[in-house]
Amino acid sequence: MYLFTLLGNLLIMGTIWREHSLHTPMYLFLCALSISEILFTVTITPWMLADMLSTHRSITFVACASQIFFSFTFGYTHSFLLMIMGYDRYVAICHPLHYNVLMSPRDCARLVSCCWAGGSVMGMMVTLIVFHLTFCGSNEIHHFFCHIFSLLKLACGKETASLTLGVILVCVTALMGCLFLIVLSYVFIVAAILRIPSAEGRHKAFSTCVSHLTIVVVHYGFASLIYLKTKGPHSMDSNILMTTTYTVFTPFLSPIIFSLRNKELKNAIKRSFHRTFCPLNS
């Protein structure tokens with residue numbers, strides 16, 4: 001599954017790079033999304049696989065801090081990219097005549113840069129908050145990587161409760177802010193689609209949003225279960241299960257959803273394979 005995640009996202013990136021017909025804002029954002037998913041997966045999954053095969057499971061303080069920083073950086077970059085992909089669909093459907101002006105290559109590059117910068121700020125902020133705490137007692141993390149909530153359980157001192165609440169508020173506010181803007185974009189998109197007179201036109205317009213909308217539901221569905229679920233007697237085990245699903249399964253699904261639900265990308269992948277393996281017939 002890990003290898004398929006890497007190969008699937010690399011295939012999407014390679015296809016977009018080779019096919020000039022895919023050099024559009026939507027596929028630029030998709031390429032950036034694939035990069036963030038690869039980096040997010042590489043940050044966590046190799047550690048998990050190494051721990052599964054090793055009897056000596058340990059991680060240094062610096063490595064733990066680095067893992068939290070990079071996992072939050074790439075995770076929130078992913079969320080910000082999904083947000084601007086929703087904005088891209090809004091402009092394409094609601095303001096098609098102004099699309100080339102509003103989504104020029106320079107503006108798209110700026111949006112992608114802002115997503116990476118925003119993800120880095122979120123990663124740095126959460127890492128500084130967590131490692132401002134005092135850790136005492138057990139140094140055993142009940143998780144397969146340096147998961148933030150498992151790490152917060154090891155903290156002690158008067159500031160622990162307030163800083164823990166601060167971390168949760170920062171994470172939830174950023175996620176819900178992105179989700180709100182995505183939902184707002186789709187409210188305007190649905191209103192614009194319903195005004196299209198022909199059923200074929202409505203179907204064609206909505207089909208350009210299906211893959212993005214599916215990824216949004218999967219991404220935010222698992223993220224909300226991790227950050228917003230109630231505590232219970234088996235909360236630790238269920239948290240590990242949900243985090244594993246979010247960390248491993250969600251990046252695994254993304255290339256499948258985008259390649260199967262996006263007809264233009266699927267045809268481009270077929271053409272790329274045909275040119276690579278059957279050059280004489282092309």
Within the 4.5 Å heavy-atom criterion, are Val42 and Leu6 side-chain neighbours or not? yes
Students should find that the hydrophobic cluster of Leu97, defined by side-chain heavy atoms under 4.5 Å apart, otherwise consists of none
In the structure I gave you, are the side-chain heavy atoms of Phe29 and Leu111 within less than 4.5 Å of one another anywhere? yes
Report the distance from atom SG of Cys115 to atom CG of Leu33, rounding to the nearest 0.5 Å. 9.5 Å
Do the non-hydrogen side-chain atoms of Leu28 and His23 ever get within less than 4.5 Å of each other? no
Rounded to the nearest 0.5 angstrom, the OH-OG distance for Tyr76 and Ser71 is 10.0 Å
CG-CE distance between Leu265 and Met26, expressed to the nearest 0.5 angstrom: 8.5 Å
Just wondering, do Met122 and Phe80 contact through their side chains at under 4.5 Å, heavy atoms? yes
Give a yes or no on this: more than 12 heavy atoms of other residues, nucleotides or ligands lie within 6.0 Å of atom NE2 of His203. no
Which value, rounded to the nearest 0.5 Å, describes the distance between Ile68 atom CD1 and Ile44 atom CD1? 10.0 Å
Give a yes or no on whether Phe131 atom CZ has more than 12 heavy-atom contacts from other residues, nucleotides or ligands under 6.0 Å away. yes
How close do His78 and Ser36 get, counting heavy atoms only, and between which atoms? CD2-OG, 3.7 Å
For residues Ser34 and Ile12, report the shortest heavy-atom separation together with the two atoms involved. OG-CG2, 3.7 Å
4.5 Å side-chain heavy-atom contact, Ile84 and Leu81: yes
Remaining members of the apolar cluster that contains Leu7, side-chain heavy atoms under 4.5 Å: none
Taking the six-membered ring where the residue is Trp, are the ring centres of His212 and Tyr186 under 6.0 Å apart? yes
Which class fits the ring pair Phe70 and Phe74: parallel under 30°, tilted 30 to 60°, perpendicular over 60°? parallel
Looking at side-chain heavy atoms only, is the closest gap between Thr127 and Phe72 below 4.5 Å? no
Counting C-beta onward and ignoring hydrogens, is there a side-chain heavy-atom pair between Leu30 and Ser211 closer than 4.5 Å? no
Can you name the nearest heavy-atom pair linking Ser79 to Leu175, along with the distance? OG-CD2, 3.6 Å
At what distance, to the nearest 0.5 angstrom, does CG of Asn9 lie from CZ of Phe40? 12.5 Å
Audit row: Met13, Ile35, side chain to side chain contact (heavy atoms under 4.5 Å, CB included) steps and yes/no: CA-CA 8 Å; Met13 290 165 56; Ile35 293 172; 3.6 Å; yes
Please say yes or no: joined through hydrophobic side-chain contacts below 4.5 Å, possibly via intermediate residues, are Leu10 and Ile16 part of one cluster? yes
With sequence neighbours excluded, what pairs up with Val121 under the side chain to side chain contact (heavy atoms under 4.5 Å, CB included) test? Met125
Looking only at heavy atoms, which two atoms of Val91 and Met103 are closest? And how far apart? CG1-CG, 4.1 Å
Are Leu39 and Met124 joined in one hydrophobic group, where the rule is that I, L, V, M, F, W and Y side chains link up if heavy atoms are under 4.5 Å apart? yes
Is there a path from Phe206 to Ile196 through hydrophobic residues (I, L, V, M, F, W, Y) whose side chains come within less than 4.5 Å of each other? no
Decide yes or no on side chain to side chain contact (heavy atoms under 4.5 Å, CB included) for Tyr99 and Asp88, but give the supporting numbers first. CA-CA 9 Å; Tyr99 184 78; Asp88 171 73; 2.5 Å; yes
Nearest heavy-atom approach of Ile189 to Gly86 is CD1-O, 4.2 Å
May I ask whether Tyr87 and Phe180 are part of the same hydrophobic cluster, defined by side-chain heavy atoms of I, L, V, M, F, W, Y residues being less than 4.5 angstrom apart, directly or through others? yes
pair Cys178-Tyr220: side-chain heavy atoms closer than 4.5 Å: yes
Quick check: closest heavy atoms across Ala205 and Ile93, and the distance to 0.1 Å? O-CD1, 3.7 Å
Atom CG in Leu213, atom OG1 in Thr208: separation rounded to 0.5 Å? 10.5 Å
Given the rule that I, L, V, M, F, W and Y join up when any side-chain heavy atoms are under 4.5 Å apart, are Val190 and Leu82 in one cluster? no
